Number of protein chains: 2
Amino acid sequence: MKAYKIPEATVMRLSVYSRYLYQLMDDGVKSISSDEIARGVGVSSAQVRKDLAYFGEFGTRGVGYKVDVLYGHLMKILGLDRSWNAIIIGAGKLGSALALYEGFNTRGFIIRAVLDNDPERIGTKLGNVEVEKLDVLAERVQENNITIGIVTVPASAAQEVTDKLIHAGVKAILNFSPRVLKVPNKIILRNVDLSVNLEVLSFNINFSK
Amino acid sequence: MKAYKIPEATVMRLSVYSRYLYQLMDDGVKSISSDEIARGVGVSSAQVRKDLAYFGEFGTRGVGYKVDVLYGHLMKILGLDRSWNAIIIGAGKLGSALALYEGFNTRGFIIRAVLDNDPERIGTKLGNVEVEKLDVLAERVQENNITIGIVTVPASAAQEVTDKLIHAGVKAILNFSPRVLKVPNKIILRNVDLSVNLEVLSFNINFSK
DNA sequence: ACCTTCTTGTGAAACAGTTAGCAAATAATA
DNA sequence: TATTATTTGCTAACTGTTTCACAAGAAGGT
């Protein structure tokens, strides 16, 4: 694909744009300008155009963008013109919540399995998947062609399950544990640290006065 | 307080450093260099020193940092030398998971109330708080001196509950709904969009081949 | 056909954040 | 006390991202 690097912030904004466009389509809007998108999602219009410019020319000068066409391009760019199989490791509160979160399904992310080691949790149903023992990790990843592993275990177990996921063949890991994970270069890693987010808030409340 | 702006990335890293230092204290480590911190959390040592330099001089040249002292400074900088009262709006799967998440309590964030409008959910217990009707929002915020509102309602209700939170007097909002919220300047807002995170992954898997 | 209005796409400028490198400070050793 | 080995704090260089500003293209009106 394309040669040079896309800023991560750009990718995140594309995701936001795509959802905004979806909403517009729902409302029956056919055409939109970069300025309207910008106001809708809270960035500058130059930012919107720059972000899109990484991938091509999708608009018409003097006119704007066709909502459905741009939406289609964005979904393709984000890799959402297909579905992705994912597995959740850790069936605690957060893991369970994510397993049942509709927001993933509606964007094409399908949770194929949820694993845990706690006997209390094994066998319980989360939507239409049943919590299974950690042992079946490699098996489930391979038989379901799972590319994304979601880690929601305590910090102490995070590196271990991550290693197992990588060994089993996942390409990307979304880590919710408050632990810095070591992964090979070819593995795509993202960290979502819930406490960090609250702490940025408390810093800002504190600091702005 | 301080005059010039701290990068958000710096604040996030400070939070990560602080947790790493806590772990070190637990392990009985007394002193540490920026290089060791750097390797522990996966950044460069120059980055660590730069981040700390925004706030003062906490180390000793030729020696390093005293773990407990640096930890104390970081906790104070992050505003974690006190506790913060928070409220969760939306007792769905995610809201419930957050209400029960120990990671918040251990860092001084106390969930004082969880509200929802669904009669099915009202009255259910989440740990030691009971889900209540949305009506009591202003009352709960004021009587508990709540500064942080956590929004876990569907996108369609997000702006409305946000407005209510602001009106009731919260200073900061952590938004988990996939919706761009409009808030006054003085309100501190952070968005944690779970789908965006997965979509950055799918983009990267897609794009890197 | 020409003029006016609109809005994209893009190079250049401005800004922000990260990395590099080194002087200054400390401790240990002889 | 001098020497050596460390490691911070800080400035400067670098790299990356965002904003600016405008030429180019499109549509509608006259």
Side-chain angles (χ1 to χ4, degrees), chain A residues 2-17 20-21 24 29-71 73-74 77 196 200 203-204 207, chain B residues 2-17 20-21 24 29-74 77 200 203-204 207:
Chain A
K2 271 277 180 61
Y4 60 107
K5 210 189 137 287
I6 312 296
E8 174 171 302
T10 290
V11 180
M12 295 179 74
R13 284 190 297 266
L14 293 179
S15 168
V16 174
Y17 301 159
Y20 183 63
L21 291 171
L24 289 173
V29 179
K30 297 288 178 219
S31 177
I32 193 165
S33 69
S34 60
D35 190 57
E36 286 171 292
I37 296 174
R39 273 181 286 116
V41 305
V43 300
S44 74
S45 66
Q47 182 82 82
V48 172
R49 294 196 299 276
K50 241 320 187 257
D51 287 338
L52 297 176
Y54 282 106
F55 302 94
E57 304 187 7
F58 306 119
T60 311
R61 295 176 186 215
V63 180
Y65 303 88
K66 288 187 75 175
V67 176
D68 57 348
V69 172
L70 183 56
Y71 176 77
H73 280 295
L74 289 181
I77 290 166
V196 166
V200 173
F203 169 85
N204 282 302
F207 202 74
Chain B
K2 272 278 180 59
Y4 60 108
K5 209 188 138 288
I6 312 296
E8 174 170 302
T10 290
V11 180
M12 295 180 76
R13 283 190 298 266
L14 293 179
S15 167
V16 174
Y17 302 159
Y20 183 64
L21 291 171
L24 289 173
V29 179
K30 297 287 178 218
S31 177
I32 192 164
S33 69
S34 60
D35 190 56
E36 286 170 291
I37 297 174
R39 274 182 284 116
V41 305
V43 302
S44 74
S45 67
Q47 181 82 82
V48 172
R49 294 198 298 277
K50 189 71 169 185
D51 287 338
L52 297 176
Y54 283 107
F55 303 95
E57 303 186 9
F58 306 119
T60 311
R61 295 175 186 213
V63 181
Y65 304 88
K66 290 187 75 174
V67 176
D68 57 349
V69 173
L70 183 55
Y71 176 77
H73 281 295
L74 288 182
I77 290 166
V200 173
F203 170 84
N204 281 302
F207 203 73

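In what follows, every chain begins at residue 1, and chains take the letters A, B, ... in the order their sequences are listed. Computed from a prediction, not measured in an experiment: that's the story for all the values here.
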Colleague: With a 4.5 Å cut-off on side-chain heavy atoms, are B:L74 and B:F58 touching?
Modeller: no
Colleague: Nearest of D:dC10, C:dG17, C:dA27 to any side-chain atom of B:V63?
Modeller: C:dA27
Colleague: Grab the two heavy atoms, one from B:A38 and one from B:S45, that are nearest each other, plus how far apart they are.
Modeller: CB-N, 3.5 Å
Colleague: Can you tell me the distance, in whole Å, between the CD atom of B:E8 and the P atom of C:dC15?
Modeller: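 That distance rounds to 21 Å.
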Colleague: Which of these nucleotides, C:dA25, C:dG11, C:dG9, is closest to any side-chain atom of A:K50?
Modeller: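 Among the listed nucleotides, the one closest to the side chain of A:K50 is C:dG11.
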Colleague: Taking the side chain as every heavy atom from C-beta outward, state whether A:V11 and B:N204 have any atom pair closer than 4.5 Å.
Modeller: no
Colleague: Assign each of B:S33 and A:S44 to its nearest nucleotide of DNA chain D by heavy atoms, then name whichever residue's nucleotide is nearer the 5' end.
Modeller: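 Here B:S33 is the residue nearer the 5' end.
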Colleague: Indicate, with a heavy-atom threshold strictly under 4.0 Å, whether B:S34 touches base, sugar-phosphate, or nothing.
Modeller: sugar-phosphate
Colleague: What's the CZ-P distance between B:R61 and D:dT8, to the nearest Å?
Modeller: 10 Å
Colleague: Please report the distance, rounded to the nearest Å, between CG in A:D35 and P in D:dT19.
Modeller: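 After rounding, the reported distance stands at 13 Å.
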Colleague: In whole Å, what is the span from the CD1 atom of A:I6 to the C1' atom of D:dT15?
Modeller: 16 Å
Colleague: To the nearest Å, how far apart are A:I32 CD1 and C:dT7 P?
Modeller: 11 Å
Colleague: Side-chain N or O of A:Q47 less than 4.0 angstrom from OP1 or OP2 on D:dT19?
Modeller: yes
Colleague: Which atom pair, heavy atoms only, marks the closest approach of A:V63 to A:S31?
Modeller: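 Closest approach of A:V63 to A:S31, heavy atoms only: O-OG, 4.3 Å.
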Colleague: From OH of A:Y54 over to P of C:dG9, roughly how many Å is that when rounded to an integer?
Modeller: 15 Å
Colleague: Under 4.0 Å from OP1 or OP2 of D:dC20: is there any side-chain N or O of A:R49 that close?
Modeller: no
Colleague: Can you spot which of B:T10, B:L14, B:I77 makes a side-chain contact (heavy atoms from CB on, under 4.5 Å) with B:L52?
Modeller: B:L14
Colleague: Spell out yes or no: do the side chain of B:K5 and the base of C:dG17 have one donor N/O and one acceptor N/O closer than 3.5 Å?
Modeller: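 When only heavy-atom distances are counted, B:K5 does not reach the base of C:dG17 through any donor-acceptor pair under 3.5 Å.
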Colleague: Ignoring backbone atoms, establish whether B:Y65 has a side-chain N or O less than 4.0 Å from OP1 or OP2 of D:dG9.
Modeller: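 Yes, B:Y65 has a side-chain N/O under 4.0 Å of OP1/OP2 on D:dG9.
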